[in-house]
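Computed from a predicted structure; not experimentally measured.
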Amino acid sequence: MADTAFHSARQRYADLGVDVDAALSRLAGISISLHCWQGDDVTGFESSSQSLGGGIAVTGSYPGKARNPAELREDLDKALSLIPGSHRLNLHASYGEFGGVKVDRDQIDVSHFAGWIDWARSRRMGLDFNPTFFSHPLAADGFTIAHSDDGIRGFWVRHGQICRKIGAAMGAALGSPTVTNVWIPDGYKDTPVDRLAPRRRLEDSLDRIFAEPLSPAHNLDAVEPKLFGLGSESYVVGSHEFYLGYAIRRGKLMCLDAGHYHPTETIADKLTSVLMSVDRVLLHVSRGVRWDSDHVVTLNEELLAISHELVRNDLLGRVHIGMDYFDASINRVAAWVIGARNVLKSLLIALLEPTERLRQVELNRDLTARLAILEECKSLPWGAVWDEYCRRQSTPVGQSWLDEVRAYEQLVLSKR
Ligand SMILES: C[C@H](O)[C@H](O)[C@@H](O)C(=O)CO
Ligand SMILES: [Mn+2]
């Protein structure tokens, strides 16, 4: 039963010309791709597990991390039960089920993901996928598909080719296209002499990886740029400009990760520019604190700006929303729930905006009214609408979800 706070909020929005029920049904149609790697600190399930490489780092030692696919799925089920709506799972290739046997990255196949496909099917979820170009001896010097050694480059190209096929098989099995995203760590700690040759090799490798035509009904290819990483502070082969050009020329999805730009740059402002030239964008919603630190997503101005751009410009049909962060200093299930609920809250706030009115005052050059209304919108009663959404989706209202995480911690995580 909806409460009085919701009824009065609905009336308040109606007075502004906003249809709350329409906003809630639009929100229910938005899926977020939950990143498997928050559940185990980007460790994965390969038999000879390497320490995390590729210039990304997880800090913290909160107890109870998932140690195998069954535990990770159990944790995901708990998180999904606390996040309103229907969502997806984003898997890395290193999360296959290899039965304790060493299967190198250029030898994996879809059979290693059968357990994940069954799990997703039984929950009517889609899967997204990523080749894993890090945490491997052949990536130890910081280069993979842009490597100058043809043997190493060939190994990683084969891995990329295989992963696309696995992505397509997942998409076909689940009846929803898998977004298969290529992120590579390749770059130099210090100033390179030759910035061009690695980029030529990267382009050639990508062309080889993407050579086989796959149905877009099953697989969508994405490429993810970065400004810098740990150990690649001076030069990243796959920069924003490199991949934007590549995505436009080759018809690929452009991945925009919120942590992959200069701290004063926001991906919100890039969306409408990038989508002038590419059909689709993959978002990695993240939160950099001073650097690409991959903090849990909070309901901050940057997140709100992203959601406003998606809703105001009717881009939700062209943007795949994924999350990308890893925090091992707090309960990992809670980390998923906090981030996903925040992404959804930000979308709800955007869906509840009286955008047509704002557009009109802007067109009339009434910039005073634009600022005034935007600021007033910040104190509209969206929280009561969010609570009602949680109620309608049978998920906990307010912070009561935390009690469920605490109980799960007692019952399950503390026993690991
Ligand atoms: C684990 C992910 O592939 C990784 O976080 C990547 O998407 C990235 O953002 C690297 O900085
Ligand atoms: Mn990312």
Side-chain angles (χ1 to χ4, degrees), residues 46 50 53-56 91-94 96 103-110 128-169 178-189 192-214 216 218-229 231-232 234-257 260 278 280 282 284:
E46 290 170 318
Q50 294 265 313
I56 52 180
L91 272 178
H92 245 284
S94 51
V103 183
D104 214 340
R105 304 254 176 100
D106 64 343
Q107 299 300 319
I108 61 171
D109 64 51
V110 70
D128 297 309
F129 199 52
N130 309 260
T132 308
F133 292 108
F134 53 86
S135 305
H136 187 281
L138 290 183
D141 67 1
F143 273 80
T144 63
I145 54 174
H147 209 291
S148 56
D149 179 305
D150 284 342
I152 294 177
R153 192 154 78 94
F155 172 86
W156 289 114
V157 166
R158 286 196 298 284
H159 178 60
Q161 290 168 335
I162 288 170
C163 285
R164 276 185 88 227
K165 289 190 199 169
I166 295 172
T178 294
V179 178
T180 302
N181 178 50
V182 168
W183 172 72
I184 58 159
D186 301 32
Y188 284 120
K189 182 179 181 72
V193 172
D194 189 347
R195 290 171 185 270
L196 180 59
R199 291 190 169 131
R200 286 204 164 123
R201 290 193 292 268
L202 174 55
E203 173 146 312
D204 176 72
S205 295
L206 290 170
D207 286 348
R208 285 160 59 191
I209 288 173
F210 297 138
E212 182 175 338
L214 295 174
H218 301 152
N219 182 73
L220 298 169
D221 300 310
V223 287
E224 179 179 6
K226 188 163 179 169
L227 178 64
F228 78 97
S232 60
S234 301
Y235 170 71
V236 168
V237 186
S239 62
H240 177 76
E241 291 73 12
F242 174 89
Y243 276 126
L244 183 58
Y246 188 85
I248 293 169
R249 280 182 282 121
R250 301 290 196 261
K252 301 299 175 194
L253 275 71
M254 180 75 174
C255 174
L256 299 176
D257 183 313
H260 285 193
V278 303
R280 288 175 173 273
L282 169 64
H284 273 188

- Would you say the side-chain atoms of D149 pair up with the backbone N or O of G151, donor to acceptor, closer than 3.5 Å? yes
- R201 side chain to H147 main-chain N or O, any donor-acceptor pair under 3.5 Å? yes
- Message: Is any side-chain heavy atom of L202 closer than 4.5 Å to one of I184?
- Response: yes
- Query: Between the side chain of S232 and the main-chain N/O of K189, is any donor-acceptor distance below 3.5 Å?
  - Reply: no
- State, yes or no, whether a side-chain contact exists between K252 and F210 at a heavy-atom distance under 4.5 Å. yes
- Do NZ/NE/NH1/NH2 and the carboxylate oxygens of D204 and R153 come within less than 4.0 Å? yes
- Point-to-point distance, once rounded to the nearest 0.5 Å, from CZ of R208 to CZ of R158: 9.0 Å
- Item | Pairwise side-chain contact, C255 with H260, heavy-atom cut-off 4.5 Å (strictly under) | no
- Taking side chain as C-beta onward, heavy atoms only, is R164 less than 4.5 Å from D221? yes
- Task: Ignoring hydrogens and angles, tell me if any N or O in the side chain of D186 forms a donor-acceptor pair with the backbone of V237 under 3.5 Å.
- Result: no
- Task: For residues C163 and I108, determine if any side-chain heavy atom of one lies less than 4.5 Å from a side-chain heavy atom of the other.
- Result: yes
- Message: Using every non-hydrogen atom in the two residues, find where V223 and A247 come nearest and quote the distance to one decimal.
- Response: CG2-CB, 4.2 Å
- Message: Tell me whether D257 is salt-bridged to K226, with the criterion being a basic N under 4.0 Å from an acidic carboxylate O.
- Response: no
- Query: Of all heavy-atom pairs between A197 and D194, which one has the smallest distance, and what is that distance?
  - Reply: N-OD1, 2.9 Å
- Query: Parallel, tilted or perpendicular: which describes the rings of F242 and Y246, with under 30° parallel and over 60° perpendicular?
  - Reply: parallel
- So CD of Q107 and CD1 of I162: to nearest 0.5 Å the spacing works out to 6.5 Å
- Query: How about F143 and W156: are their ring centroids closer than 6.0 Å?
  - Reply: no
- Task: Give the minimum heavy-atom separation between T178 and G167, together with the two atoms involved.
- Result: OG1-O, 3.0 Å
- Query: Does the distance from a Lys or Arg side-chain N to an Asp or Glu carboxylate O, for E241 and R199, drop under 4.0 Å?
  - Reply: no
- In this structure, CZ of R105 is separated from OG of S135 (nearest 0.5 Å) by 6.5 Å
- If we only count heavy atoms from C-beta on, is the I145 to L206 side-chain gap below 4.5 Å? yes
- Message: I'd like to check V182 versus F133 (side-chain heavy atoms, cut-off strictly below 4.5 Å). Are they in contact?
- Response: yes
- Item | H284: partners by ring-ring contact (aromatic ring centres under 6.0 Å, His included), with sequence neighbours left out | none
- Task: Start with the C-alpha distance between H92 and F134, add both sets of side-chain angles, then the distance that settles side-chain contact (heavy atoms from CB on, under 4.5 Å), and finish with yes or no.
- Result: CA-CA 11 Å; H92 245 284; F134 53 86; 3.6 Å; yes
- Short question: side chain of T132, backbone of A93 - any donor-acceptor pair under 3.5 Å? yes
- Task: Name the orientation class of the two ring planes belonging to H136 and F155 (parallel below 30°, tilted from 30 to 60°, perpendicular beyond 60°).
- Result: tilted
- Counting only heavy atoms not in R200, do more than 12 fall under 6.0 Å of its CZ? no
- Query: Got H240 and L227 here, is their nearest side-chain heavy-atom distance under 4.5 Å?
  - Reply: no
- Nearest atoms (heavy-atom pairs only) where G229 meets V236: N-CG2, 4.3 Å
- Between A169 and V110, which heavy-atom pair has the shortest distance, and what is it? CB-CG2, 3.6 Å
- Which residues satisfy the ring-ring contact (aromatic ring centres under 6.0 Å, His included) test with F129, sequence neighbours excluded? F113
- Task: Only one of T144, I209, T180 passes side chain to side chain contact (heavy atoms under 4.5 Å, CB included) with P131; say which it is.
- Result: T180
- Item | Criterion side-chain contact (heavy atoms from CB on, under 4.5 Å) on E224 and Y243, from CA distance to verdict | CA-CA 7 Å; E224 179 179 6; Y243 276 126; 5.9 Å; no
